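Computed from a predicted structure; not experimentally measured.
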Amino acid sequence: MKQWIVGGAMMLAAATSAAQDRVRLEVYSTLEIENLNDFKKSFEVENPGIEILWNRDSTGIITARILAEQRVQRADAIWGLAVTSMLLLDKRGLLEPYAPKNLAAIKPAFRDPANPPAWVGMEAWVAAVCFNTVEAAKLGLAKPTSWFDLLDPRLKGKITMPHPASSGTGYFHVSAWIQMFGEAKAWEFMDRLHDNIAVYEHSGTRPCRQAAAGEFPLGISYELAAASARQKGAPIEGLVMKEGGGWDMDAAAILRGTRKPDAARRLMDFASSRKANELYASFVSQVAMPGIASNIPDYPAGVANSMIKNDFAWASANRTRILEEWAHRYDGKAAKKN
């Protein structure tokens with residue numbers, strides 16, 4: 001019995017020592033909470049000497065935090081941040097270029113063209129309107145097919161959308177409208193849309209959740225949020241507009257100044273691997289690696305064809321100017337931050 005006790009104690013001590021010896025990698029992310037556990041588990045199975053510590057928040061908050069920290073970074077890497085934010089961070093010299101082992105298998109549109117790249121894309125999400133068919137029927141509202149249908153005076157106070165300074169989804173909507181319609185017409189469009197907006201939420205998903213709950217008949221959001229709401233039984237139809245819509249992609253990168261560069265490079269290798277892309281395809285349709293099927297139930301029709309030719313460099317370079325003008329015009333309806 002004594003030998004068993006001693007042996008058990010030794011095994012426990014060895015396990016404790018192994019846990020203490022693991023490298024703790026702090027990673028910024030904006031990915032949905034329900035996906036983070038799968039990513040962490042899959043990465044740590046292949047990299048048992050590394051433990052991921054997530055630091056998750058919305059796009060605007062994560063971007064602002066990294067910029068505020070500048071070269072004294074608290075975190076080591078990013079796994080899931082809008083590419084428009086990545087371009088801004090790269091311009092400030094806050095990313096450490098690295099070519100993952102599997103870089104050649106990544107679609108050219110899903111990677112920084114520099115060699116080595118400062119960031120590598122993961123998956124994309126695309127503009128959609130979450131339309132509650134039950135609530136719309138009660139109010140006698142027609143299904144919108146154009147962005148300009150959202151300007152109907154009958155929709156006053158019946159639409160919510162993401163705040164572009166807080167949400168990557170919100171910003172890609174605004175930057176896409178400017179790219180599609182031109183500056184003058186886009187601001188005129190947003191002025192009139194503002195009349196119909198009830199609140200600008202600090203989340204890309206929340207407007208769709210509000211529509212799903214029947215709080216508002218329409219929520220400007222993205223296609224995956226619509227599919228998720230419909231899968232949960234909500235009377236939501238994800239609609240893409242005939243003019244097309246904006247989109248953004250999540251990307252991964254190493255933060256310059258990390259004290260754990262080897263572990264951060266292993267994270268990048270995994271984030272660009274086929275295994276990771278298969279994980280992305282479990283919840284998105286457009287992934288960085290070709291040949292990976294994604295069969296998402298209740299996914300809206302026509303999404304791939306609706307994606308505009310998005311000038312990410314322009315959207316990133318003009319982000320500050322656009323957000324300042326947007327806040328000047330519309331920030332009065334922003335939701336209160338918790």
Side-chain angles (χ1 to χ4, degrees), residues 18-33 35-59 61-107 110-123 168 248-280 287-289 316:
Q20 291 174 343
D21 289 342
R22 297 175 79 189
V23 174
R24 293 188 169 185
L25 198 68
E26 186 163 350
V27 181
Y28 282 133
S29 184
T30 63
L31 299 175
E32 296 298 326
I33 293 171
N35 297 319
L36 294 183
N37 284 339
D38 288 340
F39 288 7
K40 174 182 169 72
K41 181 179 178 180
S42 295
F43 172 78
E44 290 177 0
V45 165
E46 294 194 11
N47 298 273
I50 305 172
E51 178 185 4
I52 288 181
L53 301 178
W54 293 114
N55 191 328
R56 187 209 173 272
D57 218 312
S58 64
T59 300
I61 292 172
I62 290 290
T63 305
R65 187 174 298 161
I66 296 172
L67 290 171
E69 292 170 358
Q70 291 295 317
R71 296 183 185 278
V72 187
Q73 300 292 356
R74 285 183 51 224
D76 303 290
I78 302 166
W79 193 3
L81 180 64
V83 72
T84 43
S85 291
M86 288 292 198
L87 290 166
L88 177 61
L89 300 179
D90 186 29
K91 186 177 180 181
R92 300 287 183 88
L94 300 177
L95 304 181
E96 185 66 44
Y98 173 67
K101 294 178 180 178
N102 207 34
L103 183 62
I106 300 297
K107 298 173 187 175
F110 276 77
R111 55 155 291 182
D112 176 16
N115 190 21
W119 53 267
V120 176
M122 300 157 49
E123 31 72 21
D248 208 335
M249 73 174 96
D250 285 314
I254 298 172
L255 285 166
R256 181 160 286 171
T258 175
R259 296 179 182 179
K260 303 156 189 172
D262 291 340
R265 285 193 284 268
R266 287 168 70 179
L267 177 72
M268 287 295 291
D269 288 340
F270 184 83
S272 304
S273 69
R274 185 174 186 85
K275 173 64 175 176
N277 273 262
E278 288 171 346
L279 286 173
Y280 307 150
V287 299
M289 190 176 292
S316 179

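Put simply, the side chain of K101 never gets that close to the backbone of S273: no donor and acceptor are under 3.5 Å apart. A donor-acceptor distance shorter than 3.5 angstrom exists from the side chain of K260 to the backbone of R24, with no hydrogens or angles considered. Side chain of D76 to backbone of L25: no donor-acceptor contact under 3.5 angstrom is found. No donor-acceptor distance shorter than 3.5 angstrom exists from the side chain of R92 to the backbone of L95, with no hydrogens or angles considered. Put simply, the side chain of R22 gets close to the backbone of I50: a donor and an acceptor are under 3.5 Å apart.
The shortest side-chain heavy-atom distance between W54 and W79 falls under the 4.5 Å cut-off. No side-chain heavy atom of V23 sits less than 4.5 Å from a side-chain heavy atom of D262. Between E32 and R56, the closest side-chain pair of non-hydrogen atoms falls below 4.5 Å. Residues P261 and R256 form no side-chain contact, since every pair of their non-hydrogen atoms from C-beta on lies 4.5 Å or further apart. Taking 4.5 Å as the limit, every side-chain heavy atom of T258 sits out of range of all side-chain heavy atoms of E96. In this structure, the side chains of T30 and I78 stay at 4.5 Å or more apart for every pair of heavy atoms. Contact annotation: the side chain of L279 never approaches that of N35 to less than 4.5 Å [non-hydrogen atoms, C-beta and beyond]. N102 places a side-chain heavy atom less than 4.5 Å from the side chain of M289.
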Show your working on salt bridge (Lys or Arg N to Asp or Glu O under 4.0 Å) between E69 and R65 and close with a plain yes or no.
CA-CA 6 Å; E69 292 170 358; R65 187 174 298 161; 5.3 Å; no
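Considering only residues two or more places apart in sequence or on other chains, R266 meets the salt bridge (Lys or Arg N to Asp or Glu O under 4.0 Å) condition with none of them. Evaluation of the ring pair (Phe, Tyr, Trp, His ring centres under 6.0 Å) rule for Y28 yields no partner, not counting sequence neighbours. Annotation: side chain to side chain donor-acceptor pair (under 3.5 Å) contacts of N277 (sequence neighbours excluded): none. Residues passing the ring pair (Phe, Tyr, Trp, His ring centres under 6.0 Å) test with F110, sequence neighbours excluded: none. The side chain to side chain donor-acceptor pair (under 3.5 Å) search around K40 returns E44, not counting sequence neighbours.
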Indicate every side-chain donor-acceptor pair of residues 84-91 with a distance under 3.5 Å to a residue at least two apart or in another chain.
from : atom 1 : to   : atom 2 : distance (Å)
T84  : OG1    : D248 : OD2    : 3.0
S85  : OG     : T63  : OG1    : 2.8

